[in-house]
**Q** 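Structure below; questions to follow.
The chain is numbered in sequence order, starting from 1. Given the structure is predicted, the values throughout are model-derived calculations rather than measurements.
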Amino acid sequence: MVDSFDRWCLFCDFEVHASRDIAPQPLLDDYVDELIAMVGRKEAKRVFENDNRVSRIARARRSALPDGTPTLEMLITLGDRRGATPSFIQFDEGDARDAEKYDGEVKGAGAHCILRLVEDDDAPPGRYRMLLEEVRGLGRCSCPLISGQFLGG
């Protein structure tokens, strides 16, 4: 378990491939503006596990690395209706207090992601380097948005 004093990040590959062998290899950069627009319309989400969990790209914007390489920055969130309401413990006294949730709120987590929009030169076509915060439920292949299901993969 990652404790509160550590911040873990994963370097991994994001792959994009055409659905047929004869189709041209898609370029990720060609889809970024529509993805950002979907995020703005709050449509960049997937509800799963019998309508109990939702994963979404909550924010997305274009940016660049210090060397000028174009990137896509995203905030990915995961909400779970079945999650227990978080509590806070008073450190000195030990008293517990439940956090107040507003209507429609569920337990959740968020992870930041930076995706290079230029293919990795040292990898097969269609692979892009990605940096993703490690958050329980939003890891390398566990998030439906990152595993390609969101983009139609």
**Q** How does the hydrophobic cluster around Val47 look, that is, which other residues are in it when side-chain heavy atoms under 4.5 Å mark a link?
**A** Val54
**Q** Going by salt bridge (Lys or Arg N to Asp or Glu O under 4.0 Å), name the pairs with one or both residues in residues 84-93, residues two or more places apart or in two chains.
**A** none
**Q** Is it true that, when you exclude Asn50 itself, more than 12 heavy atoms of the residues, nucleotides or ligands shown sit nearer than 6.0 Å to its CG?
**A**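 Open.
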**Q** What's the spacing between Met130 CE and Met74 CE if we round to 0.5 Å?
**A**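 Those atoms lie 7.0 Å apart.
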**Q** How about Arg116: does its CZ atom have over 12 heavy atoms from other parts shown lying under 6.0 Å from it?
**A** yes
**Q** Which atom names give the shortest non-hydrogen contact between Ala18 and Ala23, and what distance separates them?
**A** CB-CB, 3.6 Å
**Q** Sequence neighbours excluded, which residues qualify as salt bridge (charged side-chain N to carboxylate O under 4.0 Å, His left out) partners of Asp80?
**A**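 With neighbours one apart ignored, the set is Arg53, Arg82.
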**Q** Give every donor-acceptor pair under 3.5 Å between a side-chain atom in residues 121-129 and any protein atom, sequence neighbours left out.
**A**
from   : atom 1 : to    : atom 2 : distance (Å)
Arg127 : NE     : Glu15 : OE2    : 2.8
Arg127 : NH2    : Glu15 : OE2    : 3.3
Tyr128 : OH     : Leu28 : N      : 3.0
Arg129 : NH1    : Asp13 : OD1    : 2.6

**Q** In chain order, what residues pass the salt bridge (charged side-chain N to carboxylate O under 4.0 Å, His left out) check against Arg61, with sequence neighbours excluded?
**A** Glu73
**Q** For residues 94-106, dump all side-chain donor-acceptor pairs below 3.5 Å to protein atoms at least two apart in sequence or in another chain.
**A**
from   : atom 1 : to     : atom 2 : distance (Å)
Asp98  : OD1    : Ser87  : OG     : 2.6
Lys101 : NZ     : Thr85  : OG1    : 3.4
Glu105 : OE1    : Tyr102 : N      : 2.6

**Q** Indicate the atoms forming the closest heavy-atom contact of Val39 with Ala58, along with that distance.
**A**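 Closest approach of Val39 to Ala58: CG1-O, 3.5 Å.
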**Q** Quick one: name the residues clustered hydrophobically with Val118, using the 4.5 Å side-chain heavy-atom rule over I, L, V, M, F, W, Y, and just say none if it's on its own.
**A**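 Hydrophobic cluster check, Val118: no partners found.
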**Q** Using side-chain heavy atoms (C-beta onward) and a distance below 4.5 Å, is Lys45 in contact with Thr77?
**A**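 Answer no - side chains too far apart.
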**Q** Tell me, please, which residues at least two apart from Asp67 pass side chain to side chain contact (heavy atoms under 4.5 Å, CB included).
**A** Leu65, Thr69
**Q** Would you please name every residue forming a side-chain hydrogen bond (donor to acceptor under 3.5 Å, both in side chains) with Arg41, sequence neighbours left out?
**A** Glu34, Glu43
**Q** Is it possible for you to say whether Leu75 and Leu35 belong to one hydrophobic cluster, with membership spreading through side-chain heavy-atom contacts below 4.5 Å?
**A** no
**Q** Quick one: pull up CD in Glu133 and CG in Leu131 and give me the separation to the nearest 0.5 Å.
**A**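 If we round to the nearest 0.5 Å, Glu133:CD and Leu131:CG are 8.0 Å apart.
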**Q** Could I get the full list of side chain to side chain contact (heavy atoms under 4.5 Å, CB included) partners for Val32, not counting sequence neighbours?
**A**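 Partners of Val32 by the side chain to side chain contact (heavy atoms under 4.5 Å, CB included) criterion, ordered by chain and then number, come out as Asp29, Ile36, Arg62, Leu72, Leu117.
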